[in-house]
J.: 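Attaching a single structure in structure tokens format; questions to follow.
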Amino acid sequence: MRISLVSVSGLLSLVHLCFGQCPNRCSTNGVCNNLGVCDCATGFTGGDCSIRSCPSGSAFSDVAEVADTAHQNTVCSGRGSCVSGTCLCNDGFTGVACERTKCKNNCSYSGQCVSMQHLAGNTRSHESQQYTYLQWDAEKLYGCICDLGYTGYDCSLRECPSGDDPLTTSETDQEIQLLRCTADNSSGGELLLYYDGKPSAGIPVDASIMTIQTALEAIPLIEAVDVSYSEGSVLCRNDGTDNIVSITFSSNFGPLPPLLAESFDMEPSSVVEIAADDSYGMLTDHNGSNHFHTKGNKENDECSNRGICDQGTGTCKCFDTNGDVYAGSDGYGGSGDRGDCGHALSAPITTCPGDSPCSDRGVCDPNTLRCACEEGFTGGDCSQRTCKKGLAWFGYPSSNNVAHDLDMECSNMGICSRT
């Protein structure tokens, strides 16, 4: 019996010895296990649980474990230092675990800072398509959606008016897009027309010409349109007669993105077609007559290629070199208030812009008096520098879960110095 008591006593001593091996009693931030090792509570680490741990996030860069498997959880996402339980993020990164990029200057208070996933899910592409983006960086890479009139990766630059070059007289086509709605116009429902990713107000199936025109002109990017019907006075028909709707963009120049239609609460058999590009550019009506879209071919150049944009103010500084003076136009070469340098005040114009033609950085076309600038130079007079292009850090996906495939100046993560 004495031997048994001694054995029990010895075992208890060993147990106490093991627990006594944990340093600093795990700093009261953990439990000493039977191996004499501290099992630290959440938020603490170290041999004695005395060190505050920092949150982790998927690493921006690391060594792949196997093919196409990387971005494992890492303290401070590998983009910061852990100090007393707090991640001190490197420049350009933010979040409790430095888990996302930071929008510079809060998008200059002229835009919204969003993730790639938010960008894909809440906006649309230039062609009004919508894609999803759920890749590893979907909630890690943030960028700016600039307010109307602002541009640049941080929305710090102002956009200038654009317009048609007044000296190129052979390009005269305004964009004309066609629409046909086949539906019962007494059954209710409406459609939305998207332009450059922006929606119109709802357009009823029995809409008049003026209703469509008003809805389109309310889209901030559209200046003015002319709308006409080939048949009748209401938008949609299903009586065997086709109403081909012609939409002429009278103040937006150049080849334009196609309209995109989405229908709501219309009968299931309804069909809405748009002819706006070469892949779908013609509608044939009930009489067998073909109606063709027209692709705009007028320039839509910044400052009409006859001035330099002051991106600090959003105003064009029109050229006045060589005695050739330009001013704001009406969009058709005449004097107007567009502020686009599209009106030639002096006549005749005989040479290209620049203190010397094309600033000795390009070749002057004798017919159009437009400069073809040397590599590395840009602007109507070739007086400005270009910057290198690289794959964009931030931008709208080109298809589902595909992004970072568009070359942009400064990779859309910097501002090009033009001087």
Side-chain angles (χ1 to χ4, degrees), residues 110-112 114 118-119 121-130 144-151 155 158-164 174-181 183 185 188-230 232-237 243-266 270 272-277 293-296 298 300 314 328-332 336-340 396:
S110 299
Q112 183 182 6
V114 302
H118 180 98
L119 178 74
N122 293 275
T123 64
R124 294 183 178 232
S125 71
H126 183 59
E127 292 77 25
S128 298
Q129 300 295 324
Q130 189 164 39
C144 295
I145 301 175
C146 296
D147 296 339
L148 188 67
Y150 291 84
T151 188
C155 304
R158 296 295 302 267
E159 291 182 326
C160 282
S162 59
D164 182 45
Q174 299 292 136
E175 180 101 3
I176 301 175
Q177 300 188 18
L178 308 177
L179 181 151
R180 174 169 55 197
C181 174
N185 56 42
E190 62 181 19
L191 55 88
L192 298 183
L193 292 176
Y194 282 84
Y195 175 80
D196 202 356
K198 306 297 189 295
S200 70
I203 300 173
V205 292
D206 61 351
S208 66
I209 287 176
M210 185 57 66
T211 298
I212 296 179
Q213 182 172 322
T214 301
L216 286 173
E217 290 181 346
I219 299 175
L221 300 174
I222 294 179
E223 296 182 43
V225 294
D226 296 317
V227 179
S228 63
Y229 288 174
S230 67
S233 59
V234 296
L235 171 60
C236 300
R237 303 182 66 139
N243 174 31
I244 307 299
V245 182
S246 179
I247 301 169
T248 301
F249 293 82
S250 55
S251 295
N252 294 78
F253 304 137
L256 302 178
L259 293 168
L260 184 145
E262 288 190 357
S263 59
F264 296 90
D265 301 322
M266 293 170 63
S270 301
V272 181
E273 303 164 89
I274 290 178
D277 55 39
H293 85 293
T294 300
K295 207 65 189 167
K298 298 176 70 172
N300 190 40
S329 80
D330 58 2
Y332 295 87
D337 59 2
R338 290 172 61 97
D340 60 355
Y396 200 83

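Any value given below was found using the heavy atoms of this structure, including those in side chains, with hydrogens, waters and symmetry copies removed. Computed from a predicted model, the values in this text were never measured in an experiment.
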J.: Can you see which heavy atom on Gln177 is nearest to which on Leu259, and at what distance?
T.: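 Gln177 and Leu259 have their closest heavy atoms at OE1-N, 2.8 Å.
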
J.: Is the backbone of Ser250 close enough, under 3.5 Å, to the side chain of Thr248 for a donor and an acceptor to pair up by distance?
T.: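 No; judged by distance alone, with no hydrogens or angles, the pair does not exist.
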
J.: As an exercise, state the distance from NZ of Lys198 to OG of Ser128, rounded to the nearest 0.5 Å.
T.: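 Separation between the atoms: 8.5 Å.
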
J.: If I compare all heavy atoms of Ile244 with all of Ser230, which pair ends up nearest, and what's the gap?
T.: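 Answer, listing the atom of Ile244 first, then Ser230: N-OG, 2.7 Å.
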
J.: Would you kindly say whether Asn300 and Ser162 are connected by a side-chain donor-acceptor distance under 3.5 Å?
T.: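 Side-chain D/A pair, Asn300 to Ser162: present.
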
J.: Please list every donor-acceptor pair under 3.5 Å in which a side-chain atom of residues 210-224 meets a protein atom from a residue at least two apart or in another chain.
T.:
residue, atom, partner, partner atom, Å
Thr211, OG1, Ser208, OG, 3.1
Thr214, OG1, Met210, O, 2.9
Glu217, OE2, Val225, N, 3.0
Glu223, OE1, Arg338, NH1, 3.2

J.: Using 0.5 Å steps for rounding, measure from the CZ atom of Arg158 to the SG atom of Cys146.
T.: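 Reported value, rounded in 0.5 Å steps: 11.5 Å.
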
J.: For Glu159, check salt bridge (Lys or Arg N to Asp or Glu O under 4.0 Å) against everything at least two apart and list the hits.
T.: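 Once residues adjacent in sequence are excluded, Glu159 has no partner under the salt bridge (Lys or Arg N to Asp or Glu O under 4.0 Å) criterion.
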
J.: Run the numbers on Asp147 and Ser110 for side-chain hydrogen bond (donor to acceptor under 3.5 Å, both in side chains), then give the verdict.
T.: CA-CA 6 Å; Asp147 296 339; Ser110 299; 5.1 Å; no

J.: More than 12 foreign heavy atoms under 6.0 Å from CG of Asp265: is that the case here?
T.: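 Open: at most 12 neighbouring heavy atoms sit under 6.0 Å from CG of Asp265.
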
J.: Compare the SG-SG distance of Cys155 and Cys144 against 2.5 Å and report whether it is shorter.
T.: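 A disulfide is absent here, as the SG pair of Cys155 and Cys144 is separated by 2.5 Å or more.
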
J.: Looking at Met266 and Cys236, what are the two nearest heavy atoms and their distance?
T.: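 That would be CE-SG, 4.5 Å.
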
J.: Give me the atom names and distance for the closest heavy-atom approach of Val272 to Leu191.
T.: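 Taking Val272 first and Leu191 second, the nearest heavy atoms are CG2-CD2, 4.0 Å.
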
J.: Could you measure the distance from the CG atom of Leu179 to the CD atom of Glu273? Nearest 0.5 Å is fine.
T.: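 Between atom CG of Leu179 and atom CD of Glu273 there are 8.5 Å.
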
J.: Atom CZ in Phe253, atom CG in Asp340: separation rounded to 0.5 Å?
T.: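 The CZ atom of Phe253 sits 8.0 Å away from the CG atom of Asp340.
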
J.: Lys295: what forms a salt bridge (Lys or Arg N to Asp or Glu O under 4.0 Å) with it, not counting sequence neighbours?
T.: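 For Lys295 the salt bridge (Lys or Arg N to Asp or Glu O under 4.0 Å) partners, ignoring immediate neighbours, are Glu175.
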
J.: Sub-3.5 Å donor-acceptor pair from the side chain of Glu190 to the main-chain atoms of Phe264, do we have one?
T.: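 No; zero donor-acceptor contacts below 3.5 Å.
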
J.: Are the side chains of Thr123 and Val114 in contact, using a 4.5 Å heavy-atom criterion?
T.: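 No. Closest side-chain heavy atoms not under 4.5 Å.
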
J.: Locate the shortest heavy-atom distance separating Leu260 from Gln129; write the atom from each residue and the value.
T.: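 Scanning both residues completely, I find the closest heavy atoms to be CD1-NE2, 3.4 Å.
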
J.: Between atom CG of Leu178 and atom CD1 of Ile274, what is the distance when rounded to the nearest 0.5 Å?
T.: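 One finds 9.5 Å between CG of Leu178 and CD1 of Ile274.
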
J.: Would a distance-only check, ignoring hydrogens and angles, find a side-chain to backbone donor-acceptor pair under 3.5 Å from Asn243 to Leu235?
T.: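 Yes, Asn243 side chain to Leu235 backbone: donor-acceptor pair under 3.5 Å.
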
J.: Give a yes or no on whether Phe249 atom CZ has more than 12 heavy-atom contacts from other residues, nucleotides or ligands under 6.0 Å away.
T.: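 Check passes, neighbour count above 12.
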
J.: Taking the side chain as every heavy atom from C-beta outward, state whether Pro257 and Tyr194 have any pair of such atoms under 4.5 Å apart.
T.: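 The answer is no; the side chains never approach within 4.5 Å.
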
J.: Minimum heavy-atom separation for Tyr396 to Leu119, with atom names?
T.: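 Heavy atoms only, the tightest pair is CE1-O, 3.3 Å.
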
